[in-house]
Amino acid sequence: MITVLNHPMITHKLTQMRNINTGTKDFRQNLDEIAGLMAYEITRDIKLEQVTIETHSGPYETFELQKEVILVPIIRAGLGMVEGILNLIPTAKVGHVGVYRDEETLLPHEYFAKFPEHLEDAEILVLDPMLATGGSADAAIEIVKRRGAKNIKLVCLVGAPEGVEFIKKNHPDVDIFLAALDEKLNDNGYIEPGLGDAGDRIYGTK
């Protein structure tokens with residue numbers, strides 16, 4: 001399943017991020033805020049379990065999250081989405097995945113992976129601002145699956161149709177959430193209109 005979160009505030013903030021004249025501070029802040037807005041919608045169907053708590057007026061039957069939430073940002077741009085989601089889900093734990101693309105084969109390779117325990121019992125959110133060819137996201141999803149993860153959602157700001165189709169083909173069990181589905185990839189594999197290089201714009205290394 002693919003869901004494009006068509007929300008006025010997300011669209012407005014994404015416009016600021018697309019603007020080539022937006023500086024590092026504002027780019028980073030808008031990314032943080034969009035990630036939080038997306039998390040609110042993405043967790044709408046998260047499962048709850050019934051619990052009994054003690055209130056000022058006595059016992060009360062209510063609900064709380066059934067499963068732990070684990071965020072898995074793809075280094076490095078995915079790190080820019082973590083804080084905004086943690087503001088909404090401060091109990092979430094955070095794992096990290098690092099992949100690089102071989103310049104000759106163009107295939108992604110894992111160079112770092114560290115996770116909290118019990119991925120198999122958690123709701124996993126794989127985070128990356130850009131879903132271009134889908135190679136990095138595919139590799140990250142494979143990495144968490146090999147460690148037992150079953151309930152996985154891929155969360156990206158901007159996606160290209162080519163990347164979406166690649167993930168849908170390789171991981172039909174993974175739900176994809178986007179702030180925008182852009183037009184295409186250009187000949188260099190960049191999303192159009194896209195955001196530019198998200199990692200460089202987040203960390204000021206452009």
Side-chain angles (χ1 to χ4, degrees), residues 1-7 10 14 17 31-32 34-47 67-86 88-89 92-101 107-108 110 112-116 119-182 184-185 189-191 194-195 198-199 202:
M1 181 185 74
I2 175 171
T3 302
V4 180
L5 300 174
N6 186 20
H7 189 286
I10 291 177
L14 193 58
M17 295 182 69
L31 173 60
D32 185 77
I34 291 174
L37 290 167
M38 292 183 72
Y40 185 83
E41 293 295 329
I42 290 164
T43 56
R44 184 177 294 277
D45 64 349
I46 200 166
K47 293 181 180 179
K67 295 183 177 181
E68 197 166 57
V69 176
I70 296 177
L71 312 181
V72 181
I74 300 175
I75 301 170
R76 68 182 163 147
L79 296 171
M81 301 176 68
V82 171
E83 195 63 33
I85 298 177
L86 285 178
L88 180 70
I89 317 171
K93 294 181 178 179
V94 183
H96 296 85
V97 167
V99 295
Y100 72 91
R101 187 167 67 170
L107 296 175
E110 173 187 335
F112 184 81
K114 190 171 181 64
F115 305 103
L119 291 184
E120 68 277 6
D121 298 323
E123 295 278 351
I124 310 295
L125 305 184
V126 175
L127 311 176
D128 198 358
M130 313 292 285
L131 178 58
T133 64
S136 294
D138 175 63
I141 292 168
E142 285 291 350
I143 290 167
V144 295
K145 281 184 173 181
R146 288 201 301 266
R147 288 162 172 82
K150 296 181 178 64
N151 303 300
I152 304 168
K153 296 178 179 178
L154 176 61
V155 185
C156 306
L157 264 68
V158 174
E162 296 90 337
V164 169
E165 290 305 313
F166 187 69
I167 297 299
K168 285 170 63 177
K169 177 183 176 182
N170 289 359
H171 303 283
D173 55 330
V174 172
D175 292 334
I176 304 170
F177 292 85
L178 303 175
L181 180 60
D182 278 12
K184 62 178 181 179
L185 293 180
Y190 285 94
I191 301 173
L195 303 172
I202 292 167

Sequence neighbours excluded, the answer for side chain to side chain contact (heavy atoms under 4.5 Å, CB included) partners of Asn151 is Lys67, Glu123

The complete set of salt bridge (Lys or Arg N to Asp or Glu O under 4.0 Å) pairs with one or both residues in residues 68-84, sequence neighbours excluded, reads Glu68-Lys93, Arg76-Asp200

Scanning both residues in full, the closest heavy-atom pair of Gly84 with Asp32 reads N-OD1, 2.9 Å

Tyr100 meets the ring pair (Phe, Tyr, Trp, His ring centres under 6.0 Å) criterion, sequence neighbours left out, with His109

Side chain to side chain donor-acceptor pair (under 3.5 Å) filter on Glu41, not counting sequence neighbours, yields Arg44

Result for side chain to side chain contact (heavy atoms under 4.5 Å, CB included) between Leu157 and one of Leu131, Leu31, Leu178 points to Leu31

Residues passing the side chain to side chain contact (heavy atoms under 4.5 Å, CB included) test with Lys184, sequence neighbours excluded, are Glu162, Glu192

Hits for salt bridge (Lys or Arg N to Asp or Glu O under 4.0 Å) against Glu165, two or more places apart or cross-chain, chain-then-number order -> Lys168

For Phe112, I'd like to know if atom CZ has over 12 heavy atoms of other residues, nucleotides or ligands within 6.0 Å.
yes

Going by heavy atoms in the side chains, are Met1 and Phe177 under 4.5 Å from each other?
yes

Worksheet item: For atom CG of Asp45, is the number of surrounding heavy atoms from other residues, nucleotides or ligands below 6.0 Å larger than 12?
Response: yes

Minimal heavy-atom distance between Leu181 and Ala160, with the atoms involved, is CD1-C, 4.0 Å

Pro73 vs Met81 side-chain heavy atoms within contact, under 4.5 Å = no

Are side-chain heavy atoms of Thr3 and Leu5 found at a separation under 4.5 Å? yes

* Using a strict 4.0 Å threshold on nitrogen-to-oxygen distance, state whether Glu142 and Arg147 make a salt bridge. => no

Residues passing the side chain to side chain contact (heavy atoms under 4.5 Å, CB included) test with Leu37, sequence neighbours excluded, are Met9, Ile10, Lys13

Contacts satisfying side chain to side chain donor-acceptor pair (under 3.5 Å) that involve residues 128-141 (not counting sequence neighbours) are Asp138-Asn170, Asp138-His171

By side chain to side chain contact (heavy atoms under 4.5 Å, CB included), Ala149 pairs with (sequence neighbours left out) Leu119, Ile124, Val144, Ile152

Nearest heavy-atom approach of Gly194 to Val158 is CA-CG1, 4.3 Å

Closest heavy-atom pair, Ala132 versus Gly189, reported as atoms and distance to 0.1 Å, is CB-O, 3.8 Å

Heavy-atom side-chain proximity of Ile85 to Val69 below 4.5 angstrom:
no

Note to self: side-chain contact (heavy atoms from CB on, under 4.5 Å), that's the test. Do Val99 and Ile143 meet it? Break it down for me.
What the structure shows: CA-CA 10 Å; Val99 295; Ile143 290 167; 4.0 Å; yes

Residue set satisfying side chain to side chain donor-acceptor pair (under 3.5 Å) with Asp173, at least two apart, ordered chain then number -> Lys145

For this session: Kindly say whether Val174 contributes a backbone atom to a donor-acceptor pair with the side chain of Lys153 at under 3.5 angstrom?
Result: no

Notebook entry, point to check: Side chains of Val82 and Leu127: does their closest heavy-atom pair fall under 4.5 Å?
Noted result: yes

Between Ala137 and Ile74 the two heavy atoms that sit nearest each other are CA-CD1, 3.9 Å

